[in-house]
Peer 1: 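Following this message is one structure expressed as structure tokens.
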Amino acid sequence: MSLDALGRPLRDLRISVTDRCNFRCTYCMPRETYGRDFEFLRRDEVMSFEEIARLAQLFAKLGVEKIRLTGGEPLLRRDIEALVEMLAHVKGIRDLTMTTNGSLLTREKARALKDAGLNRISISLDSLDDDVFRAMNDVNFPVGRVLDAIDAANEAQLWPIKIDMVVKRGVNENSVVDMASHFRGTGHIVRFIEYMDVGTTNGWRMEDVVPSREVVERIAAAWPIDPLNSNYFGEVAERYRYRDGAGEFGIISSVTQPFCGSCTRARLTADGKLYLCLFATEGHDLLGLLRRRATDEEIVDEIRSVWRVRDDRYSEIRSGETAGLQKVEMSRIGG
Ligand code: SAM
Ligand code: SF4
Ligand code: SF4
């Protein structure tokens, strides 16, 4: 087992398969920055499926058990189910998931992903109010088509389906109870995420954060709820159940209640850079190493030695000063 400088094991790997996206969510890829002239990674800079699978195998040797595919928008990668199939065969991986905006998740795609070995899926949806959602994704994408994607995932049994909602003050906070109500009793788990100061382009301000405590209060005013124990060490969402048996929801409070002490996640960008924290300023170039024909042992040694000295705990030490750092963008690191 690989432990970092704060005694945290390496368990989860989030792999961003592309830095491109067909949405322009205002809190993630604001149009002013990600316009026509923005230079995304070139095709030859992006990891091939074979390169991703090889790195995943090496991470698994170091203790990684969970892999999440993300982006940008992961379903923009053609034939992503071929990658899913390769990763599903990696020894030691017991949970293989994906986070998507759902826009390209047809019934056929959901079925193909399930057949290839994807265990579960998380679909992002910030509001059920069509005007609010269209304004937030900033490409005029309708709520109805994300709801169709959720149905497609449900039919393909990509369970439990998680619905991720970033809550932003004055933008979609009034959608919290609606979202909870809509998904109560469906078996899907809504997770309310605090708006975070990832990257530098979204103009994050503390005033725009709706503390999760407030989200819980709003829901508790509508239905009786109880807190639940976490499922495993390092689970980022705090869970609550509806007392009437209509299921559960989660909150992810990275800003107001940081959970760095149990952070077991490493992140790989689409161009193969290893980041040890969502708020890191620099990555370690694993793809370069791999393309220079490093052996498996050399790559494993490199990952182990970077993890060993990892002492990141950004959310615990967040301040005016840290907020000004040149942090990696969310669309590159994948959440
Ligand atoms: N495009 C896919 C999607 O939206 O699900 C996957 C990548 S996206 C970067 C992963 C998650 O990060 C999404 O649920 C998104 O809402 C969330 N996210 C993006 N920017 C964020 C921010 N500033 N604070 C909190 N969550 C954010
Ligand atoms: Fe795209 Fe996901 Fe970022 Fe929205 S949150 S812009 S869907 S990568
Ligand atoms: Fe992990 Fe960094 Fe987030 Fe803390 S701030 S939980 S170390 S990713």
Side-chain angles (χ1 to χ4, degrees), residues 4-6 8 10-12 14-31 33-34 40 68-77 97-105 121-127 133 136-139 141 146 149 162-168 171-172 190-205 208-210 212 234-237 252-255 257-267 269-270 275-281 307 310-318 322 325 327-335:
D4 72 7
L6 303 178
R8 298 168 296 188
L10 171 55
R11 291 259 170 78
D12 320 56
R14 291 173 160 253
I15 306 175
S16 169
V17 295
T18 176
D19 60 337
R20 290 167 197 259
C21 188
N22 54 345
F23 282 15
R24 285 293 176 273
C25 302
T26 50
Y27 53 74
C28 178
M29 294 181 81
R31 234 171 228 298
T33 304
Y34 295 91
F40 290 98
R68 176 174 295 278
L69 295 177
T70 173
E73 174 44 45
L75 294 179
L76 284 177
R77 235 3 236 269
T97 66
M98 177 184 285
T99 302
T100 171
N101 62 26
S103 60
L104 302 167
L105 190 67
I121 203 159
S122 299
I123 300 179
S124 304
L125 178 59
D126 293 326
S127 180
F133 184 59
M136 283 183 88
N137 63 54
D138 207 15
V139 292
F141 199 85
V146 182
K162 303 214 171 122
I163 316 291
D164 289 344
M165 168 175 172
V166 176
V167 188
K168 205 174 161 191
V171 177
N172 64 342
V190 181
R191 297 189 308 176
F192 301 94
I193 303 173
E194 284 180 352
Y195 172 42
M196 296 183 285
D197 50 337
V198 190
T200 57
T201 62
N202 61 7
W204 183 90
R205 300 174 314 166
D208 296 331
V209 178
V210 178
S212 292
E235 186 171 43
V236 295
I252 301 183
S253 327
S254 158
V255 179
Q257 289 160 271
F259 35 77
C260 301
S262 60
C263 180
T264 55
R265 283 172 301 282
R267 299 171 159 90
T269 56
Y275 282 82
L276 304 178
C277 176
L278 189 49
F279 303 94
T281 50
W307 188 263
R310 172 185 190 251
D311 60 359
D312 302 76
R313 48 189 201 93
Y314 179 91
S315 288
E316 288 180 350
I317 58 172
R318 179 182 280 112
T322 54
L325 296 171
K327 293 159 288 171
V328 61
E329 289 296 312
M330 187 63 129
S331 54
R332 257 173 70 62
I333 198 169

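One-based numbering, in listed order, for ligands and for the atoms of each.
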Peer 1: Gly335 to ligand 1: N or O pair under 3.5 Å?
Peer 2: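 Among all N and O atoms of Gly335, none is under 3.5 Å from an N or O of ligand 1.
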Peer 1: Say whether Ser122 and Arg68, considering side chains only, have a donor N or O and an acceptor N or O under 3.5 Å apart.
Peer 2: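 Short answer, yes.
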Peer 1: Is NZ or CZ of Arg318 both nearer than 6.0 Å to the six-membered ring centre of Phe279 and within 45° of the ring axis?
Peer 2: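 Here Arg318 passes the 6.0 Å and 45° test against Phe279.
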Peer 1: So is Gly199 close enough to ligand 1, meaning a heavy atom under 4.0 angstrom away?
Peer 2: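 Per 4.0 Å heavy-atom rule, Gly199 does not contact ligand 1.
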Peer 1: What protein heavy atom sits nearest atom 7 (S) of ligand 3, and how far away is it?
Peer 2: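 The closest heavy atom on the protein side is Asp312 O, 3.5 Å.
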Peer 1: Suppose we measure from atom 12 (O) of ligand 1 to each protein heavy atom; which comes out shortest, and what is that distance?
Peer 2: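 Residue, atom and distance for the closest contact: Met330 CE, 3.5 Å.
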Peer 1: Only heavy atoms of Tyr195, strictly under 4.0 Å: list the atoms of ligand 1 that pass.
Peer 2: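 Answer, ordered by atom number: 23 (N), 24 (N).
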Peer 1: Numbering the atoms of ligand 1 from 1, which are under 4.0 Å from a heavy atom of Glu73?
Peer 2: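 Near Glu73, the atoms of ligand 1 are 1 (N), 2 (C).
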Peer 1: Quick check: does Cys260 put an N/O/S atom under 2.8 Å from atom 2 (Fe) of ligand 3?
Peer 2: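 No - counting backbone and side chain alike, Cys260 has no N, O or S atom under 2.8 Å.
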Peer 1: For Ser315, counting its heavy atoms only, list the atoms of ligand 3 lying under 4.0 Å from any of them.
Peer 2: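 Matching atoms, with element in brackets: 5 (S).
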Peer 1: Applying a strict 4.0 Å limit to heavy atoms, is Ser331 in contact with ligand 1?
Peer 2: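 Checking ligand 1 against Ser331, which is what was asked, there is no heavy-atom contact under 4.0 Å.
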Peer 1: Test of understanding: given a 4.0 Å heavy-atom threshold, classify the contact between Ile123 and ligand 1 as side chain, backbone, both, or neither.
Peer 2: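 Neither; no heavy atom under 4.0 Å.
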Peer 1: Give the residue and atom name of whichever protein heavy atom lies nearest to atom 26 (N) of ligand 1, and the separation in Å to one decimal.
Peer 2: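 The closest heavy atom on the protein side is Val166 CG2, 3.4 Å.
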Peer 1: List the closest protein heavy-atom neighbour of atom 3 (Fe) of ligand 2: residue, atom name, distance to the nearest 0.1 Å.
Peer 2: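 The answer is Cys28 SG, 2.4 Å.
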Peer 1: Mind checking whether Thr70 has an N or O less than 3.5 Å away from an N or O of ligand 1?
Peer 2: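 Among all N and O atoms of Thr70, none is under 3.5 Å from an N or O of ligand 1.
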Peer 1: Say whether Arg267 and ligand 3 are in contact under the criterion: heavy-atom distance to a ligand atom below 4.0 Å.
Peer 2: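 It does; at least one heavy atom falls under 4.0 Å.
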Peer 1: Quick one: do Asp4 and Arg310 make a salt bridge, cutoff under 4.0 Å?
Peer 2: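 Between Arg310 and Asp4 there is a salt bridge, with a charged N closer than 4.0 Å to a carboxylate O.
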Peer 1: Indicate the atoms forming the closest heavy-atom contact of Asp138 with Arg31, along with that distance.
Peer 2: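 Scanning both residues completely, I find the closest heavy atoms to be O-NH2, 2.6 Å.
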Peer 1: Checking the side chain of Arg20 only, and the main-chain atoms of Leu76 only, is there a donor and an acceptor separated by less than 3.5 Å?
Peer 2: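 Looks like no, no N/O pair under 3.5 Å.
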Peer 1: Under 3.5 Å, side chain of Trp204 to main-chain N/O of Val209, donor-acceptor pair present?
Peer 2: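 Judged by distance alone, no pair lies under 3.5 Å.
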Peer 1: Out of all atoms in ligand 1, which are within 4.0 Å of some heavy atom of Asn101? Include the element for each.
Peer 2: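 Contacts of ligand 1 toward Asn101, numbered from 1: 2 (C), 3 (C), 5 (O).
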Peer 1: Glu194 near ligand 1, heavy-atom distance under 4.0 Å?
Peer 2: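 Yes, that is the case, since the closest heavy atom of the residue is under 4.0 Å from the ligand.
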Peer 1: Students should be able to answer this: which protein heavy-atom is nearest to atom 8 (S) of ligand 3, and at what distance?
Peer 2: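 Checking every protein heavy atom, the shortest distance to atom 8 (S) of ligand 3 gives Leu278 N, 3.3 Å.
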Peer 1: For Asp126 and ligand 1, does the shortest N/O to N/O distance drop below 3.5 Å?
Peer 2: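 It does not: no N or O of Asp126 is found under 3.5 Å from an N or O of ligand 1.
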Peer 1: Can you name the atoms of ligand 1, numbered from 1 with element, that are less than 4.0 Å from a heavy atom of Gly71?
Peer 2: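 Here the atoms of ligand 1 in question are 7 (C), 9 (C).
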Peer 1: As an exercise, identify every atom of ligand 2 less than 4.0 angstrom from a heavy atom of Gly72.
Peer 2: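 In order of number, 8 (S).
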Peer 1: Taking both backbone and side-chain atoms of Cys21, is any N or O found less than 3.5 Å from an N or O belonging to ligand 1?
Peer 2: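 No - when backbone and side-chain N and O of Cys21 are compared with those of ligand 1, no distance drops under 3.5 Å.
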Peer 1: Which atoms of ligand 2 have any heavy atom of Cys25 under 4.0 Å away?
Peer 2: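 Those atoms are 4 (Fe), 5 (S), 6 (S), 7 (S).
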Peer 1: Any donor and acceptor pair, going by atom type alone, linking the side chain of Asp19 with main-chain N or O of Arg332 inside 3.5 Å?
Peer 2: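 Pair absent, no side-chain N/O of Asp19 close to backbone of Arg332.
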Peer 1: Closest non-hydrogen protein atom to atom 23 (N) of ligand 1, residue and atom name please, with distance?
Peer 2: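 Of the protein heavy atoms, Met196 O, 3.0 Å lies nearest.
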Peer 1: For atom 10 (C) of ligand 1, which protein heavy atom lies nearest, and how many Å away is it?
Peer 2: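 For this ligand atom, the closest protein heavy atom is Gly334 O, 3.7 Å.
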Peer 1: Considering heavy atoms of the protein only, find what lies nearest to atom 1 (Fe) of ligand 3 and give residue, atom and distance to 0.1 Å.
Peer 2: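 For atom 1 (Fe) of ligand 3, the nearest protein heavy atom is Cys263 SG, 2.4 Å.
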Peer 1: Which of the atoms in ligand 1, numbered in the order shown and given with their element, are less than 4.0 Å from a heavy-atom of Cys28?
Peer 2: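 Contacts of ligand 1 toward Cys28, numbered from 1: 19 (C), 20 (N).
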Peer 1: What is the nearest protein non-hydrogen atom to atom 1 (N) of ligand 1, stated with its residue, atom name and distance?
Peer 2: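 Here the closest protein heavy atom is Gly72 O, 2.9 Å.
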Peer 1: Backbone or side chain, does any N or O of Tyr27 fall under 3.5 Å from an N or O of ligand 1?
Peer 2: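 N/O-N/O distance under 3.5 Å: yes.
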Peer 1: Going by the side chain to side chain contact (heavy atoms under 4.5 Å, CB included) test, name the single residue among Leu278, Leu10, Val236 that passes it with Arg265.
Peer 2: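 In the set Leu278, Leu10, Val236, the residue that makes a side chain to side chain contact (heavy atoms under 4.5 Å, CB included) with Arg265 is Val236.
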Peer 1: Give the residue and atom name of whichever protein heavy atom lies nearest to atom 5 (O) of ligand 1, and the separation in Å to one decimal.
Peer 2: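 Ranked first by proximity to atom 5 (O) of ligand 1 is Ser124 OG, 2.6 Å.
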Peer 1: Tell me whether Met330 reaches ligand 2 (any heavy atom closer than 4.0 angstrom to a ligand atom).
Peer 2: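 Contact check Met330 vs ligand 2: negative.
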Peer 1: Tell me, which protein residue and heavy-atom name are nearest atom 2 (Fe) of ligand 2, and how many Å apart are they?
Peer 2: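 Result: Cys21 SG, 4.4 Å.
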